Q: 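Got a structure here, written out as structure tokens. Questions coming.
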Amino acid sequence: MNDDLKALIRTIPDFPKPGIQFRDITTLLLSPHGLATCVERMVAAVDGPVDLVAGVEARGFLFAAALAIPLKAGVLLIRKDGKLPGATIAEDYALEYGTDRIAIHADACAPGARVLLVDDLIATGGTARAAVRLLRKAGAVVEQAQFVVDLPDLGGAELLRAEGISVTSLVAFPGH
Ligand code: AMP
């Protein structure tokens with residue numbers, strides 16, 4: 001299933017450092033039907049009403065915005081720290097390669113808002129788990145997360161499920 005989408009994702013070995021197989025979705029985006037097919041299948045997997053689709057900078061923004069249109073939801077930008085102009089709340093997280101900090105505007109979501117978290121890829125889950133902590137700190141109800149790509153051997157999706165999130169992805173690359 002979704003082999004058509006998997007075939008559109010290019011693997012770049014040893015980027016950004018030796019040993020990392022970078023799953024490059026820019027090739028999927030270049031396809032005339034790549035983004036539309038992702039959105040169609042992600043929308044079909046959404047469970048119940050969603051008030052906001054939250055995307056993680058930068059590739060997550062594309063999928064969050066595209067999903068928000070058919071879902072008739074708002075878009076919440078989860079940015080790298082230091083980019084948002086208003087008062088923010090932030091969370092630190094570990095990447096597959098390095099560490100970082102993400103932030104949202106402190107008033108980005110009303111308490112009780114139902115938020116769907118979206119990103120292009122889940123690896124260790126560090127980014128997504130920090131995003132969930134951040135959104136919950138802001139008062140959001142986060143029960144679903146969707147990814148285009150899962151790297152199941154890195155365990156991120158399982159860790160996210162352990163935090164009460166229903167996790168779906170379109171394509172899995174076993175290994176790393
Ligand atoms: P993680 O926090 O380990 O789940 O990493 C997820 C984030 O890092 C996503 O925003 C991805 O865009 C990026 N990422 C991590 N590993 C890879 C990889 N092997 N290929 C492409 N992107 C990756």
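Indexing begins at 1, ligand by ligand and atom by atom, following the structure's order. Predicted, not measured: the structure shown is a model, and the values here were computed from it. Values below: every heavy atom of this structure, side chains too, minus hydrogens, waters and symmetry copies.
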Q: Taking atom types as modelled, is there a side-chain donor on R23 or T11 under 3.5 Å from an acceptor on the other?
A: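 Distance-only check passes for R23 and T11.
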
Q: Determine, using heavy atoms of L151 and all atoms of ligand 1, whether some pair is separated by less than 4.0 Å.
A: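 Within the 4.0 Å threshold, so yes.
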
Q: Return yes or no for this condition: an N or O of I122 is under 3.5 Å from an N or O of ligand 1.
A: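 In fact, backbone or side chain, I122 has no N or O that close.
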
Q: Shortest non-hydrogen contact from L77 to I104?
A: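 Smallest interatomic distance, heavy atoms only, reads O-CG2, 3.8 Å.
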
Q: Which part of T124 is near ligand 1, with near meaning a heavy atom under 4.0 Å away: side chain, backbone, both or neither?
A: both

Q: Please classify the Q21 to ligand 1 contact at 4.0 Å (heavy-atom distances, strictly less than): side chain, backbone, both or neither.
A: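 Looking at Q21 and ligand 1, just backbone atoms fall under 4.0 Å.
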
Q: Quick one, K72 with V50, criterion side-chain contact (heavy atoms from CB on, under 4.5 Å). Give me CA distance, side-chain angles, the key distance, then yes/no.
A: CA-CA 8 Å; K72 299 195 183 338; V50 168; over 6 Å; no

Q: Below the 3.5 angstrom mark, is there an N/O of L121, backbone or side chain, next to an N/O of ligand 1?
A: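 No, no N or O pair falls under 3.5 Å.
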
Q: Taking heavy atoms and a distance under 4.0 Å, where does V149 meet ligand 1: side chain, backbone, both or neither?
A: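 Within the 4.0 Å criterion, V149 makes no contact with ligand 1.
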
Q: Does even one non-hydrogen atom of A128 get within less than 4.0 Å of ligand 1?
A: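 Contact check A128 vs ligand 1: negative.
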
Q: Decide whether the shortest distance between a heavy atom of V56 and an atom of ligand 1 is less than 4.0 Å.
A: no

Q: Would one find an N or O of T127, backbone or side chain, under 3.5 Å from an N or O of ligand 1?
A: yes

